[in-house]
Amino acid sequence: MKNSLKSIIESLIFVSIEPLTPEKIKNIMTEYSDNDIETALQKIVDSYASQDSGIVVFQSAGGYLFATKPELDPWVKKLLNLDKRSRLSPAALETLSIIAYHQPITLAEISAIRSVDAAHALKTLLLKRLVKITGRKKSPGKPLIYRTSTKFLTYFGLNSLQDLPTTEEIEKILEEEQDAE
Amino acid sequence: MKNSLKSIIESLIFVSIEPLTPEKIKNIMTEYSDNDIETALQKIVDSYASQDSGIVVFQSAGGYLFATKPELDPWVKKLLNLDKRSRLSPAALETLSIIAYHQPITLAEISAIRSVDAAHALKTLLLKRLVKITGRKKSPGKPLIYRTSTKFLTYFGLNSLQDLPTTEEIEKILEEEQDAE
Amino acid sequence: MTDTYQVKLEIFEGPLDLLIFLIKKKKLEIHDIPMATITRTYLEYLDDKEQINLEREAEFLVVAALLIHIKSQMLLPREASLEDDMDPRKILVERLLDHQKIKAACNLLREKEKDQMLTWQRDFLPPITPSDELDFIEVSLFDLAEVFFTLMKRQERERVKILKGKEFSLKEKAQEIIAHLKENGYLDFQAYFAEQRSFEEALFAFFCLLELIKNKVVVAIQDSLFSTIKVWLREEFVT
C-alpha cells in the first residue's frame, strides 16, 4: 500500500521538536500541491479531535504539534512525578557524584568543587533520601556534613561504597576513547 | 465527557521517553483492574496498527512506546536531514552479544571469550548507554561487572532478554549454514 | 589456494574468526580438527607479514601458540589413551563453538538493528505543563562515576586544588600549637610543617597559625631574610 500523505505528515509532526510548519512539509513533499498538504493537515487535526484519543494535533507558532489532551493533565503529571522519583537532574547527579566520592562533605565544599551553589541540588537529593545529614563539622560555622545513604547504595546496586568505580577505572574507560579519536 | 481509560493510557504512553510498563500505569490508575488496563493497552496497539496512521504503539523492553511506521523512514530522514543512522561497529556488536548472553560479566571475561581485548568496544557501549556497570565481582581484584541496559532492549526492539535468540535457534542457523556450503 | 584465500586479515575481527574461516575453507569438522593441518595453515597465514594487522598481532599469536601447544600435547607419547574430557582440543572446540554462536547472535541482532533503524522514537518530551525540573534523566552507576571523573578533570585543568573534607578542628589545632610552644618555648616554622602528616593538615595548621597571629596570641619572627621563621607565644599567654 502506498503511504498516504496524511500518514507521512503525521510521522513528520511526531518527530519534530518544534511545531512543524506547512513550509517545511512542502520542502519535503515537493510532489504535492500546497492545497493537498493543507487538506491533509486539516484531516489530521480533525481526526485526532474527533477520536477518543489521548493525544491531539494542535496549531502553535505557525506549525503543527502533537500534545496530550489538556483534560488528561492530572494523569500526565502523576506519571511525571512518579518518573521523577527514579530520575535525577544533571545538577543533582553531579552533586551526588561529589558527595559519593568525597564524603563526608559540607555544602560549601560541594559548591566549591562544582563552582556553582549546590543548595538546590542537595535539597533534591535529601528529599529523594539518596543523601543524609550525619552531623556537623568541627570548623568555624559548624556546617552540616553530608553522606550518601543506604538508599543510594540500593539505587546503584552497590554493596558498599568500596564498590564505586574508582577514578582510575573510569579514567581507563574514558581515556582510551580519546586515543581512538 | 469522562475520559476513557484508553485515552488516558494513550496520553501516558505519549509522554514517556522510555517504554511505559503496565506496572507504572497500574500505579497511576489504581482504580482499574489489571485486566482493564491490559485490554485498553491492546485496544490502543490495535487501533494504531489498523488506522492509516503515521505512528504506531509498539511493545519494547516490557513496555509500550510510540514510534513512526518503518516505511515512513525515508521522509523522516529527509526532515531531520540525515543520510543514514550510524550502526554499531562489528567489534561493539560482538562485545554486546557476549555481554547479553554471559551477563553479569567482567571485562577480562569478555576479552577472553573474544580472544581480543574488548576495552575499547566496551567503552563505546557504556557511552551509548547500551551496557551498564552493576557492581563488582567477588573475586581477586574485585573487577567491575557489566550488564545490558533497558536501552539495549529498546535499541534492538526486544521486549526482554528472553527475546534474544536461544542457543537452539542459533544452532539451527549454524546447521543451515553448514548445509548451504 | 583460491582467490578468496587472499582475503586481508583485517576482515577477521579476531583470531577465532580466522581459525573458523580456515576450518571451513579446508572443509574440516569442527569437533574433530586435525591439529597438524590446521596449525600449519594458521601459521602459513600469519607468516605473510603483510596480512597482519599489527594492532591485533599479539592476539593472533596467542592463538597460534595455543594451536602449537595442543599439537605438542597430542604428539607426546602416553601410557593410556586420553580420556575424552582430557583431550586438549576440547577447550579449543568449545571456544570455537561459543564463538560461532556469538557470531550467529550478532547476525540476528544486526537484522533487528536494521529494522529498528527504520522506526523513529522521540528522545524529547512533548509540550506539557511547564515544570521546574523536566530535564530529569535516568542515571546509572557509570553516569555517576563518569560525571565525577569529568568534573575532576575539569578542575584539574583549572588548576584548582580541592581539599578533601577531612575533619580538622581549628580549636584542637590551635591548642596543639600552643602546647608545642609552651613545651619548647618556640616553634620552628619549617620543622613544624615537615612534621604534619599530610599536605591538607599542613595547610590547615598554616591557617590556624595565621589565625593565632591575627588574634595576637603568638608572634612570628624572622631574624634575617631567608632564615627560618620562629613562632613565639606572647607573654600574656605563657602562664
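For Gln162(A), the part sitting under 4.5 Å from any heavy atom of chain B is the backbone (N, CA, C, O) and nothing else. Residue contact with chain B, scored on non-hydrogen atoms closer than 4.5 Å, is absent for Ile13(A). Proximity to chain A (any heavy atom under 4.5 Å) is shown, for Ser53(B), by both the backbone and the side chain. Residue Lys77(B): no heavy atom, backbone or side chain, is found under 4.5 Å from chain A. Looking at Thr166(A), the atoms closer than 4.5 Å to chain B (heavy atoms on both sides) sit in the backbone and in the side chain alike. Both the backbone and the side chain of Asp163(A) come within contact range of chain B, judged by heavy atoms closer than 4.5 Å.
Relative orientation of the Phe14(B) and Phe14(A) rings is perpendicular, given thresholds of 30° and 60° on the angle between their planes.
Applying the 6.0 Å contact sphere to NZ of Lys151(A) captures more than 12 heavy atoms from other residues, nucleotides or ligands. Other residues, nucleotides and ligands place more than 12 heavy atoms under 6.0 Å from the NZ atom of Lys78(B). Other residues, nucleotides and ligands contribute more than 12 heavy atoms inside 6.0 Å of the CZ atom of Arg85(B). Heavy-atom contacts from other residues, nucleotides or ligands closer than 6.0 Å to CD of Glu31(A) number more than 12.
Atoms CD and OG, from Glu71(A) and Ser7(B) in turn, are 7.5 Å apart once rounded to the nearest 0.5 Å. We find the CG-CH2 distance between Leu5(A) and Trp75(B) to be 9.5 Å, quoted to the nearest 0.5 Å. Put simply, CD1 on Ile28(A) and CG on Leu80(B) are 8.0 Å apart, with the number rounded to the nearest 0.5 Å.
The backbone N or O of Asp52(A) lies less than 3.5 Å from a partner atom in the side chain of Lys6(B), making a donor-acceptor pair. Not one N or O on the side chain of Arg136(B) forms a donor-acceptor pair closer than 3.5 Å with the backbone of Leu158(A).
Ser11(A) and Gly54(B) get closest at one heavy-atom pair: CB-O, 3.7 Å.
For the pair Thr68(B)/Leu12(A), no side-chain contact is recorded, criterion being any heavy-atom separation below 4.5 Å from C-beta on. Contact of the Asn27(B) side chain with the Leu79(A) side chain is not registered, since no non-hydrogen atoms from C-beta on lie closer than 4.5 Å. Counting only heavy atoms from C-beta outward, the side chains of Ile55(B) and Ile55(A) approach each other to under 4.5 Å. No side-chain heavy atom of Glu169(A) sits less than 4.5 Å from a side-chain heavy atom of Ile133(B).
Near-neighbour residues of residues 36-49 of chain A relative to chain B, defined by a heavy atom under 4.5 Å from a heavy atom of that chain, comprise Tyr48(A).
In summary, Glu10(A) and Lys69(B) do not engage in a salt bridge, as defined by a charged side-chain N under 4.0 Å from a carboxylate O.
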